[in-house]
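Input: a single structure, listed below in structure tokens.
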Amino acid sequence: MALVVFLRGANVGGHRTFRPSLFVRELSDYGVVNVGAAGTFVVWKPGSVAKFRAELKRRLPFETEVILCDARDLIRLTVENPFGTAPSRSDVVRFVSILSAADSARPSLPVMLPSDGKWLVRLIESRDRFVFGEYRRDMKTIGYLGQIDKLFGGKATTRNWNTITSIVRILKGRQTCSE
């Protein structure tokens, strides 16, 4: 089965910049497909996970956390959709934070950040390495998203729920083509 790669903090705010299209070419033997600009990839032929991870890190022009997920886990997330079927409000963005490891530190959910006043980040559920939430579009939001690491006791990287559903469309499209 395919792997999905999430790079932490790539191409964000002018830091850890690289060109995903060139990176994908360098990893063409692995069947890598780029999803967006934030360091998200589908890997069709990863082979040995340890060897693939080492090759990926060797080719990156910077040091960062590399989080690998089995594609089946992401497919399952969209089937179980923790956000339900109702559309989100226009000022709210749904997201998933992927933890580098499933840790035992689990806060009681939901968590609102800040804890008093109008929330900017709301964490609603967690399953294994995945934390689901919503954020409001505000300049202070990024700081509150950074608190997910502390709350869950490990490194996390965050993607819009739309990115996760795009990844799953790519995965399912390939499955359909190969059946």
Side-chain angles (χ1 to χ4, degrees), residues 2 4-21 23-24 33-42 64-65 67-100 102 105-176:
V4 179
V5 176
F6 298 97
L7 302 180
R8 179 181 160 101
N11 285 344
V12 176
H15 303 284
R16 295 187 186 137
T17 58
F18 76 118
R19 294 188 52 201
S21 59
F23 189 65
V24 165
V33 175
N34 180 50
V35 183
T40 307
F41 306 96
V42 173
T64 191
E65 188 77 26
I67 300 175
L68 303 176
C69 293
D70 186 306
R72 291 172 290 206
D73 292 340
L74 293 180
I75 292 170
R76 186 171 37 256
L77 290 182
T78 60
V79 169
E80 296 170 357
N81 189 354
F83 299 108
T85 57
S88 65
R89 295 183 1 209
S90 62
D91 65 328
V92 172
V93 176
R94 293 172 172 167
F95 70 88
V96 179
S97 289
I98 304 97
L99 302 168
S100 59
R106 296 287 176 188
S108 178
L109 297 175
V111 170
M112 312 298 185
L113 301 171
S115 58
D116 57 343
K118 183 178 178 182
W119 64 266
L120 295 177
V121 173
R122 178 171 51 187
L123 306 177
I124 58 172
E125 187 176 330
S126 70
R127 298 180 194 168
D128 300 317
R129 295 171 52 197
F130 304 99
V131 179
F132 305 93
E134 300 174 311
Y135 66 79
R136 288 194 166 106
R137 298 175 195 276
D138 187 281
M139 293 299 289
K140 294 179 184 176
T141 295
I142 192 77
Y144 290 110
L145 287 170
Q147 292 183 24
I148 293 172
D149 291 2
K150 217 180 315 176
L151 286 167
F152 286 86
K155 303 276 186 184
T157 186
T158 299
R159 297 298 187 274
N160 187 308
W161 180 247
N162 294 336
T163 300
I164 301 300
T165 58
S166 293
I167 292 166
V168 170
R169 273 194 303 276
I170 291 167
L171 293 167
K172 287 182 173 181
R174 177 78 176 252
Q175 286 176 344
T176 303

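Here, residue 1 is the first one in the sequence, and each next residue gets the next number.
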Could you pull out the closest heavy-atom pair between P107 and L151, with the gap in Å? CD-O, 3.5 Å
For residues F95 and V121, report the shortest heavy-atom separation together with the two atoms involved. CZ-CG1, 4.0 Å
Of all the heavy-atom pairs spanning T157 and L7, show the shortest one and how long it is. OG1-O, 3.5 Å
Within residues 83-96 or reaching into it, pairs that qualify as side chain to side chain donor-acceptor pair (under 3.5 Å) - sequence neighbours excluded: R89-D91
Exam field: side chain D149 to backbone K155, donor-acceptor pair closer than 3.5 Å: no
Measure the acute angle between the ring planes of F23 and F41, then classify it against the limits of 30° and 60° as parallel, tilted or perpendicular. tilted
Enclosure of L109 CG (heavy-atom neighbours >12, cutoff 6.0 Å): yes
Contact between L74 and F130 at the side-chain level, heavy atoms closer than 4.5 Å - yes or no? yes
Using a strict threshold of under 4.0 Å (side-chain N to carboxylate O), is an ion pair present between R72 and D70? yes
Walk me through it: do V35 and I170 pass the test side-chain contact (heavy atoms from CB on, under 4.5 Å)? CA-CA 9 Å; V35 183; I170 291 167; 3.7 Å; yes
With sequence neighbours left out, what residues match E125 under salt bridge (Lys or Arg N to Asp or Glu O under 4.0 Å)? R127
Hey, does the side chain of R8 reach the backbone of I67 with a donor-acceptor pair shorter than 3.5 angstrom? no
